[in-house]
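In each ligand, atom 1 is the first atom listed, and ligand 1 is the first ligand listed.
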Amino acid sequence: MTVLIPVRCFTCGNLIADKFKEYQTRVKSGEDPGKVLDSFGFKRYCCRAMILTSVETIHQVIPFYEAIRRREQEVRSELE
Ligand SMILES: [Zn+2]
């Protein structure tokens, strides 16, 4: 799955894109999200929020794309 996240924190300019994949992998394997962010040295709330909200956004976006795909199939079957 392709994940689109901002390369840098909007607030402070800290580079976050290169840590994001590792963050996902470690959280999926059961690590505490807050501790993973600590281990990256992301102490500022702005950077932590950037990564946390990116993950939430993914969960919100997936059902949206699935709904679009379903609608496309409906439209196609109506046209046939
Ligand atoms: Zn920041």
Side-chain angles (χ1 to χ4, degrees):
M1 182 171 61
T2 307
V3 178
L4 294 172
I5 68 144
V7 174
R8 286 176 185 277
C9 174
F10 289 145
T11 307
C12 72
N14 199 4
L15 194 70
I16 54 174
D18 60 335
K19 301 287 193 303
F20 188 72
K21 228 179 174 159
E22 188 183 339
Y23 170 81
Q24 275 201 311
T25 309
R26 288 171 65 177
V27 170
K28 270 184 203 157
S29 70
E31 279 190 65
D32 181 68
K35 284 183 183 147
V36 177
L37 292 173
D38 285 345
S39 78
F40 291 156
F42 289 174
K43 301 285 182 204
R44 292 188 200 86
Y45 183 74
C46 56
C47 306
R48 302 170 74 97
M50 287 294 286
I51 287 193
L52 292 171
T53 54
S54 297
V55 174
E56 278 167 24
T57 306
I58 294 160
H59 292 306
Q60 287 162 359
V61 164
I62 288 170
F64 175 70
Y65 280 117
E66 283 173 351
I68 289 178
R69 209 175 306 140
R70 260 199 305 276
R71 183 71 196 126
E72 277 177 354
Q73 284 166 352
E74 283 171 15
V75 169
R76 217 167 288 149
S77 63
E78 280 164 18
L79 292 173
E80 279 166 1

Under 2.8 Å from the Zn ion (ligand 1), how many protein N, O or S atoms can be found?
4
Same cluster or not: Tyr45 versus Val36, using hydrophobic residues (I, L, V, M, F, W, Y) connected whenever any side-chain heavy atoms lie under 4.5 Å apart?
no
Using a strict cut-off of less than 4.0 Å between a Lys/Arg side-chain nitrogen and an Asp/Glu carboxylate oxygen, indicate whether Arg71 and Glu74 qualify as a salt bridge.
yes
Between atom CD1 of Ile51 and atom SG of Cys46, what is the distance when rounded to the nearest 0.5 Å?
11.0 Å
Run Lys43 and Leu37 through side-chain contact (heavy atoms from CB on, under 4.5 Å) and show every step you take.
CA-CA 8 Å; Lys43 301 285 182 204; Leu37 292 173; over 6 Å; no
With side-chain contact (heavy atoms from CB on, under 4.5 Å) as the criterion, how do Met50 and Phe42 come out once you've worked through the C-alpha distance, each side chain's angles and the decisive distance to 0.1 Å?
CA-CA 10 Å; Met50 287 294 286; Phe42 289 174; over 6 Å; no
Cut-off 3.5 Å, side chains only: do Ser39 and Arg26 have a donor facing an acceptor?
yes
